Student: 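Sending over a structure as structure tokens; questions will come in a sec.
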Amino acid sequence: MGRYYRVAKNLTEEMVSEILKEMLEIPEVERVEFTEDNTKILVLTQEEQYPEVMTRIVNIFSRVGHGCELSFAGFAH
């Protein structure tokens with residue numbers, strides 16, 4: 001089961017591309033995708049490894065998105 005996170009800041013397409021690239025380099029990440037309007041992101045990890053993975057993803061968003069924060073938005077079925 002995946003998890004959705006709200007993106008707290010408008011991101012440029014370049015930022016979105018870089019964020020996706022860096023997240024997919026995390027070995028435990030199985031799938032990531034932004035919603036059409038880039039306001040949420042879906043994250044699926046191996047074996048429910050969300051605490052470890054999300055710490056890294058939050059740091060990627062903050063760095064690439066110039067302070068962009070994430071908040072939990074719900075579970076994907």
Side-chain angles (χ1 to χ4, degrees):
M1 179 183 333
R3 297 181 184 194
Y4 281 102
Y5 295 88
R6 272 185 211 83
V7 179
K9 185 177 178 181
N10 289 333
L11 301 172
T12 66
E13 288 303 316
E14 293 81 20
M15 289 175 178
V16 168
S17 293
E18 180 62 25
I19 288 168
L20 284 172
K21 176 183 163 282
E22 289 192 30
M23 286 193 305
L24 290 170
E25 290 174 353
I26 300 170
E28 298 82 11
V29 170
E30 288 186 354
R31 185 173 134 212
V32 291
E33 61 185 56
F34 279 88
T35 57
E36 256 181 58
D37 56 2
N38 294 337
T39 60
K40 288 184 186 172
I41 188 162
L42 171 65
V43 178
L44 281 86
T45 68
Q46 298 173 356
E47 301 173 10
E48 298 290 313
Q49 294 184 13
Y50 289 97
E52 302 88 351
V53 168
M54 288 313 299
T55 299
R56 293 177 68 187
I57 289 176
V58 165
N59 289 332
I60 292 168
F61 267 85
S62 180
R63 180 175 40 79
V64 177
H66 304 289
C68 182
E69 296 179 354
L70 297 177
S71 61
F72 180 73
F75 294 101
H77 301 287

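Keep in mind that this is a model prediction, so the values were computed, not measured.
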Student: Would you give the length of the straight line joining atom CZ of Phe34 to atom CE of Met23, rounded to the nearest 0.5 angstrom?
Tutor: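 Spacing of CZ (Phe34) from CE (Met23) equals 5.0 Å.
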Student: Say you draw a straight line from CZ of Arg6 to OG1 of Thr35; how long is it, rounded to the nearest 0.5 Å?
Tutor: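 Answer rounded to 0.5 Å: 11.0 Å.
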Student: With sequence neighbours left out, what residues match Phe72 under ring pair (Phe, Tyr, Trp, His ring centres under 6.0 Å)?
Tutor: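 Per chain and number, Phe72 pairs via ring pair (Phe, Tyr, Trp, His ring centres under 6.0 Å) with Tyr5, Phe75.
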Student: To the nearest 0.5 angstrom, please state how far the OG1 atom of Thr39 sits from the CG atom of Leu11.
Tutor: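 CG of Leu11 is found 10.5 Å from OG1 of Thr39.
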Student: Could you state the interatomic distance from CZ (Phe61) to CD1 (Ile41), rounded to the nearest 0.5 Å?
Tutor: 4.0 Å
Student: Minimum heavy-atom separation for Tyr4 and Leu42, please, with both atom names.
Tutor: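 Distance-wise, the nearest heavy atoms are CE2-CB, 3.7 Å.
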Student: Is there any salt bridge (charged side-chain N to carboxylate O under 4.0 Å, His left out) pair reaching into residues 32-54, and which pairs are they, with sequence neighbours excluded?
Tutor: Arg3-Glu48, Arg31-Glu33
Student: State whether the side chain of Gln46 and the backbone N or O of Pro27 hold a donor-acceptor pair below 3.5 Å, judged by distance alone.
Tutor: yes
Student: How long is the span from the OG1 atom in Thr12 to the CD atom in Glu18, to the nearest 0.5 Å?
Tutor: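 Reported to 0.5 Å precision, the distance equals 10.5 Å.
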Student: Sort and list the pairs that fulfil ring-ring contact (aromatic ring centres under 6.0 Å, His included) and have at least one residue in residues 14-33, not counting sequence neighbours.
Tutor: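 Of all non-adjacent pairs touching residues 14-33, none passes ring-ring contact (aromatic ring centres under 6.0 Å, His included).
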Student: Between Val29 and Val53, is any pair of side-chain heavy atoms under 4.5 Å apart?
Tutor: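 They are in contact (side-chain heavy atoms under 4.5 Å apart), so the answer is yes.
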Student: Compare all side-chain heavy atoms of Ile26 with those of Val32 and state whether any distance is below 4.5 angstrom.
Tutor: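 In short, these two side chains do not touch, never coming nearer than 4.5 Å.
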Student: Which distance, rounded to the nearest 0.5 Å, do you find between the CG of Asn38 and the CE of Met15?
Tutor: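 Going from CG on Asn38 over to CE on Met15, the span is 11.5 Å.
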Student: By side chain to side chain donor-acceptor pair (under 3.5 Å), which residues pair with Asn10, not counting sequence neighbours?
Tutor: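 Here no residue qualifies.
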Student: Please tabulate, for side-chain N and O atoms in residues 62-70, each donor-acceptor pair with protein atoms closer than 3.5 Å (sequence neighbours left out).
Tutor:
| unit_1 | atom_1 | unit_2 | atom_2 | d |
| --- | --- | --- | --- | --- |
| Arg63 | NH1 | Glu22 | OE2 | 3.3 |
| Arg63 | NH2 | Glu22 | OE1 | 2.4 |

